[in-house]
A.B. asks: 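The structure that follows is given in the form of structure tokens.
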Amino acid sequence: MISYQIAEHGKPLQRVLNETPKPAGTEVLVRITRSGVCHSDLHIWDGYFDLGGGKRFYVKDRGCVPPFTMGHEPFGVVEAVGPKAKGVKVGQKRIVFPWIGCGKCAMCKAERDNYCTAMRTIGVVKPGAYSTHLVVPHPKYLVDASGIDESFAATLACSGVTAYSAASKLTDLVAQDSVAVIGCGGVGLAAIAVLRAIGVKSVIACDVDEGKLAAAREFGAKLTLDTRAPDAVAKLQGLAKGSLGGVIDLVGMPATTQLGLGALRKGGRYVLVGLFGGELQHPLPPFAFRAIGLVGSYVGNLQELRAVVALAKKKKLKKMPLATRPASEVNAILNDLKAARVLGRVVLDFESATT
Ligand SMILES: [Zn+2]
Ligand SMILES: [Zn+2]
């Protein structure tokens with residue numbers, strides 16, 4: 001099998017040839033055809049996440065030590081199955097759910113692997129999908145995506161399920177509510193698409209970039225707000241006609257948190273997804289007397305991936321702008337992403353001649 005690996009953090013990925021693994025027990029070997037390139041791969045490539053205030057979280061501390069293969073938006077064809085892998089056949093095309101837990105704890109047994117404390121995430125802790133082949137520990141992590149474009153299907157494994165899980169935490173919306181999406185990059189557009197698909201009529205896109213706001217409008221946002229406005233909280237409340245029932249924050253910095261929490265109606269909920277960083281300073285009593293909620297959302301679970309795939313199958317989910325490029329261009333693609341030259345998502349093609 002051919003993999004594109006981090007040999008040294010921050011340096012170009014190396015094309016490495018290894019023996020193709022054989023699946024044992026309940027394992028399934030998937031031949032990758034498409035592999036999405038996620039913005040968070042840039043942090044794994046660099047070797048750390050910035051926690052603000054000069055603090056860093058190093059990926060080596062959670063097991064990501066070079067040589068390492070990234071890639072957590074896998075799509076492919078089942079090539080071989082272990083002797084104990086049931087309900088799966090060679091030749092089936094599947095999305096691979098990457099947010100895999102230990103498989104033994106109560107959370108994993110309830111298919112809430114993303115709440116497991118010993119995760120084995122594909123492309124983050126375990127070898128990922130920047131590779132022609134991938135070993136998946138159990139067939140339950142394979143999701144049928146028949147009828148969905150393969151590149152789009154790949155992106156549902158991270159950006160799609162992340163957007164869906166965040167939106168599903170807005171449990172108390174009423175008909176006249178608006179929902180704000182802060183940060184209109186790839187996951188932001190996916191969040192707008194999901195909110196529209198589940199019936200939210202008024203989505204307010206918030207960003208500092210006019211181009212991204214224009215993309216958000218095309219994507220189904222009813223209204224937009226340039227969050228650099230000095231009175232952004234009052235403006236957001238005005239756009240929502242005083243009924244901002246929810247906020248999904250894909251940025252996650254002090255300024256966006258203050259905007260989101262400040263603009264919510266009573267009883268509204270702010271969902272924090274973005275990992276930009278920093279610290280929260282907020283008076284405590286308003287959480288109680290405004291009955292507002294703050295909840296974090298980290299990727300999503302298997303049930304949520306199946307649900308977002310079902311929306312895509314019913315053609316309810318608008319497809320984000322996608323470019324499918326040969327896997328051999330992975331280093332150029334990562335540099336394009338770093339330089340913010342990518343709109344939407346780039347997906348690696350492992351079937352092209354130049355893999
Ligand atoms: Zn991702
Ligand atoms: Zn577990």
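Remember, it's 1-based here, ligands and their atoms both numbered in the order they're listed. Given the structure is predicted, the values throughout are model-derived calculations rather than measurements.
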A.B. asks: Within the stated cut-off of 2.8 Å, is an N/O/S atom of His39 closer than that to the Zn ion (ligand 1)?
C.D. replies: no
A.B. asks: Do we get Arg56 above Tyr48's six-membered ring, with its NZ or CZ under 6.0 Å from the centre and within 45° of the axis?
C.D. replies: yes
A.B. asks: Angle at the Zn ion (ligand 2): provide the value between SG of Cys108 and SG of Cys116, rounding to 10 degrees.
C.D. replies: 110°
A.B. asks: Check whether more than 12 heavy atoms from other residues, nucleotides or ligands sit under 6.0 Å from atom NZ of Lys266, and answer yes or no.
C.D. replies: no
A.B. asks: To 10°, measure the SG(Cys38)-the Zn ion (ligand 1)-NE2(His72) angle for me.
C.D. replies: 110°
A.B. asks: Any cation-pi pair here, Lys338 with Trp45, using under 6.0 Å and within 45°?
C.D. replies: yes
A.B. asks: Compute both the distance and the angle, then confirm whether Lys318 meets the cation-pi test with Phe219: under 6.0 Å from the six-membered ring centre, within 45 degrees of the axis.
C.D. replies: yes
